[in-house]
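Written out below as structure tokens is the structure these notes cover.
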Amino acid sequence: MTVAPLNAFDLDAATPLVAADRTENAVELRNVDIVFGRNIAKALALSDRGEGREHIREQVGALMGTFKVNLDIRRGEICVLMGLSGSGKSTVLRAINGLNRVARGSVLVHHRGQPVDVTTCRSATLRDIRLNTVSMVFQQFGLLPWRSVRDNVGFGLELRGVGGPERARIVDEKLAMVGLSGWADKTVQELSGGMQQRVGLARAFATDADILLMDEPFSALDPLIRDKLQDDLLDLQRKLHKTIVFVSHDLSEALKIGNRIAIMEGGHVVQFGTAADILLRPANDYVAEFVKHMNPLDVLTAEAVMRPAHDLPVEGDMLLLHGSSGLRLTLDAAGRPAAAEVEGRPVALATDGGEADGLVVVRSDLPLKTVIALRDRARHPLVFVDETGRFAGLCDHGEIYRALLRKNA
Ligand SMILES: Nc1ncnc2c1ncn2[C@@H]1O[C@H](COP(=O)(O)OP(=O)(O)OP(=O)(O)O)[C@@H](O)[C@H]1O
């Protein structure tokens, strides 16, 4: 069989977006209740009895912005808050920098090396958090139209007292990053909508805040520009590893840019998970309705569909990969694929750039589209490894079909 070399595929397509340290949280919301209006105590009492938003509003006139929201947002991830209008996305976002008063619960923000509860901290600390740790990017980016692009990008730095030459250096760097170097001295109103959004991005990145809060930053743009800006954001994120909390009411945007997505309904977080979790295992009918029209090919990676390593039968010091052909795999001491055989005959391991004639070994974060193209040409099922090269799982035609039909293995 003639097979295409593996490097004919885009094997780097899935550069990880999350920094290596995935365990530390940048933001933690614990049982956060937010109530708008009066009679807060009565509203909370009704909420504790399991009453919904409408009932509480009718009974006491207060509106529950959120009900017991719990979220752990990891450093370096993009967490998207997604849901219908009024579901509470902006309310949660604004709680993170203390713009919304929290009736109950805590909001911990990792600031100057330690978690600070923004619901109880001193106002000077909150100010310091807003200036240095958490930067907010609004839908229209809140640009000052009469000021130059340069002065808009440097605005946050100016507030922090960063002086002339240093400010100019940072501003130039960030403008170059978003491809607007030639526009520094124009006023914002001379720029198109898409360019203005990029000025907003540059300004957000210029402050060096670790945490960016973005409230539907691209929603007013036409789809092509929006798509381009999403790509720009992902490119910047690969370099900068910020923690980004991003509000969107568009599921395809959420699935494209979010490492994890919190789906909100009526003030509740009804599901918090990866794109694959949401697509393959929607938590309720509301989520299922959202994902119904999504194409799994646009969203899933091998990791979401493969048969995990621990599911495979072990025979002596080998793993049985494929019963009928007798394909077996040996791992080295670190758990990396070392050798393969079919009924005693060696099979070459075909890694990045090798020939797909052997046993193809590739990263488990490859997009499903690439996986399908590889499997189509490969002689054997595909072997996947994690970012350290350790064996992670296996994917044959069956796993692919089940993913496309959205059936769990
Ligand atoms: N300051 C406020 N005072 C009173 N009610 C508010 C306030 N802010 C938000 N709400 C209400 O809280 C609920 C959640 O609003 P929120 O803005 O968080 O929703 P959202 O999911 O971001 O919606 P959208 O996509 O339309 O912006 C809504 O019913 C809204 O009317």
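Quick caveat, the model's predicted, so the values are computed rather than measured. Whatever order the structure lists them in is the order used to number ligands and atoms, beginning at 1.
Annotation: ligand 1 has protein neighbours Phe36, Arg53, Leu63, Leu84, Ser85, Gly86, Ser87, Gly88, Lys89, Ser90, Thr91, Glu216, each with a heavy atom less than 4.0 angstrom from the ligand.
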Decide yes or no on salt bridge (charged side-chain N to carboxylate O under 4.0 Å, His left out) for Glu158 and Arg147, but give the supporting numbers first. CA-CA 13 Å; Glu158 208 177 308; Arg147 293 186 103 190; 3.1 Å; yes

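Not counting sequence neighbours, the partners of Arg57 by the salt bridge (charged side-chain N to carboxylate O under 4.0 Å, His left out) test are Glu54. For Arg49, there are no salt bridge (charged side-chain N to carboxylate O under 4.0 Å, His left out) partners at least two apart in sequence or on another chain.
None of Met318, Arg379, His322 except one satisfies the side-chain contact (heavy atoms from CB on, under 4.5 Å) rule with Leu327; the exception is His322.
At least one side-chain heavy atom of Thr243 sits less than 4.5 Å from a side-chain heavy atom of Ile211.
Sequence neighbours left out, the pairs with a member in residues 245-272 that pass ring pair (Phe, Tyr, Trp, His ring centres under 6.0 Å) are Phe67-His268, Phe218-Phe246.
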